[in-house]
Peer 1: 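Provided herewith is a single structure, encoded as structure tokens, for subsequent inquiry.
Below, chains carry the letters A, B, ... as their sequence lines are ordered, and counting in each starts from 1.
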Amino acid sequence: MESRISQDTREQADKKPRISQGVKRTLALFYCQNTPESGEAVRQALEKKYASSLRLFPIPCSGRLDPLHLLKALEEFADAAYVIACPEGACRYFEGNLRATKRVDMTARTIAQIGLEKERVGIVANSKENPKPLAKLAEEILGRVSEIRPSPVLERPKTGKGTKEKKDDHSRKKTH
Amino acid sequence: MITAERKPIDEIRAMVAPYKRVLVLGCGSCVAECAAGGEKETGMLSSTLRMANKMEGKDVLIEEKTLDRQCVKDFVILLDDIVDQYDAVLSLGCGAGVQAVAEMFSEIPVLPALNTEFLGETRDQGYWVENCLGCGDCMLDDFGGVCPLARCSKQLFNGPCGGSREGKCEVNPEIPCAWQAIIDRLDRFGSLDRLEQIYPPKDWSRKQGGGPRKIMREDQRR
């Protein structure tokens, strides 16, 4: 069967990822499944290519995104959490992308209140005239967040001598 | 329904600061409807508090649970097995819920994460308006279903003040004049003659002045 992955996407997949040196940032990227070339094969290929720097979450519409998704991602593993939406006026559910924008704004205000940079969350609307495939958008967003300082929320393994013993961590998040 | 809004994060953080093991308790009823204290909002607040604590290196246990209702004992009692694990409960219930939980578990501080606001309706998605003061003596039949207490800024019973402009209140031009609405409604029903009746000063004792009110229904009791 002829592959439906475009040459452009293949080239993106083969390119070496441009991630800032030093501590790796992790991006949680939620994307509308209407994004071009965003099938499961592409998702797996991108996660393999970027390893721990990128985790992808397909959603049926950007309007399905909840602030809780972004907050949980930031709490548990992500330095930044973004969503890819359809262009304004092109959402198949009419308002999903508009709702997503408001929810991202709300999340940005929330994290700012506890001292996290608003830029850790964001929404990227695909182009109406020349919609980009997921691979291209992922690379652009990774570039955008690469300059954000590593999240002070996340515990990262220390390397080298004198590594402290990990304290008993009470900050677990059991839900009854 | 009862409406509420979440308190500012700084205020909540100051409230829970003395405690090391906090249960964030949501409510699945009115406050879920007004997107203030439901399961989703409980998750969001818990996540935010945990992140803030991690950033400050504070070792605090923050866990979450949402009850169907916090104002009904049969639901609150479900906390019985777990509440001893915590030294404070941060409730996202309305004031009634906070107090019901505090009443049942009187040995643990129960803190309010919300500011309870008013009795109201969901006028539109994301938009709630006050339309009842709970006066205990409903007169909506005389006013075409528009309450002059809750919806008139001056709480006038015997006709409009005459200050409205294009159907908007002179005290708060953002709201419709309640008396315009009353007259329009009664006119539609052909009942404008109801307004010829003079209403005496309201008996406010049915709403306030005698301490917390109660309703006792023997037919409903065990």
Peer 1: Report, as yes or no, whether the 6.0 Å neighbourhood of atom CD on B/Glu56 holds more than 12 heavy atoms from other residues, nucleotides or ligands.
Peer 2: yes
Peer 1: Which residue out of B/Thr48, B/Thr66, B/Asn53 racks up the most heavy-atom pairs below 4.5 Å with chain A?
Peer 2: B/Thr48
Peer 1: Checking an interface table here. Which of residues 95-109 of chain A come within a heavy-atom distance under 4.5 Å of chain B?
Peer 2: A/Arg99, A/Met106
Peer 1: So with a 6.0 Å cut-off around CZ of A/Phe57, is the heavy-atom count from everything else above 12?
Peer 2: yes
Peer 1: Calculate, to the nearest 0.5 Å, the distance between atoms CE and CG belonging to B/Met55 and A/Leu116 respectively.
Peer 2: 4.0 Å
Peer 1: Flag yes if more than 12 heavy atoms outside B/Arg69 fall under 6.0 Å of its CZ atom; otherwise flag no.
Peer 2: no
Peer 1: What pair of heavy atoms forms the shortest contact from B/Lys54 to A/Glu75, and how long is it?
Peer 2: NZ-O, 3.5 Å
Peer 1: In terms of heavy-atom proximity below 4.5 Å to chain B, should A/Leu74 be classed as side chain, backbone, both, or neither?
Peer 2: both
Peer 1: Counting only heavy atoms not in B/Leu78, do more than 12 fall under 6.0 Å of its CG?
Peer 2: yes
Peer 1: Is it true that, when you exclude A/Arg64 itself, more than 12 heavy atoms of the residues, nucleotides or ligands shown sit nearer than 6.0 Å to its CZ?
Peer 2: no
Peer 1: One pair to check against side chain to side chain contact (heavy atoms under 4.5 Å, CB included): A/Val153 and B/Arg50. What are the steps and the verdict?
Peer 2: CA-CA 9 Å; A/Val153 174; B/Arg50 282 192 293 263; over 6 Å; no
Peer 1: A quick test of your reading: do over 12 heavy atoms of other residues, nucleotides or ligands sit less than 6.0 Å from CD of B/Glu5?
Peer 2: no
Peer 1: Heavy-atom distance under 4.5 Å to chain A: side chain of B/Ile9, backbone, both or neither?
Peer 2: both
Peer 1: For chain A, which candidate among B/Met44, B/Glu41, B/Arg13 shows the most heavy-atom pairs at distances under 4.5 Å?
Peer 2: B/Met44
Peer 1: Report the residues that fulfil side-chain hydrogen bond (donor to acceptor under 3.5 Å, both in side chains) with B/Glu166, sequence neighbours left out, ordered by chain and then residue number.
Peer 2: none
Peer 1: Please report the interatomic distance CG(A/Leu71) to NZ(B/Lys40), rounded to the nearest 0.5 Å.
Peer 2: 12.5 Å
Peer 1: Taking side chain as everything from C-beta outward and backbone as N, CA, C, O, which of these in B/Leu23 sits under 4.5 Å from a heavy atom of chain A? Side chain, backbone, both or neither.
Peer 2: side chain
Peer 1: So does A/Glu88 have more than 12 non-hydrogen atoms from other groups sitting under 6.0 Å from CD?
Peer 2: no
Peer 1: Could you tell me which portion of B/Ser47 (side chain, backbone, both or neither) has an atom closer than 4.5 angstrom to a non-hydrogen atom of chain A?
Peer 2: both
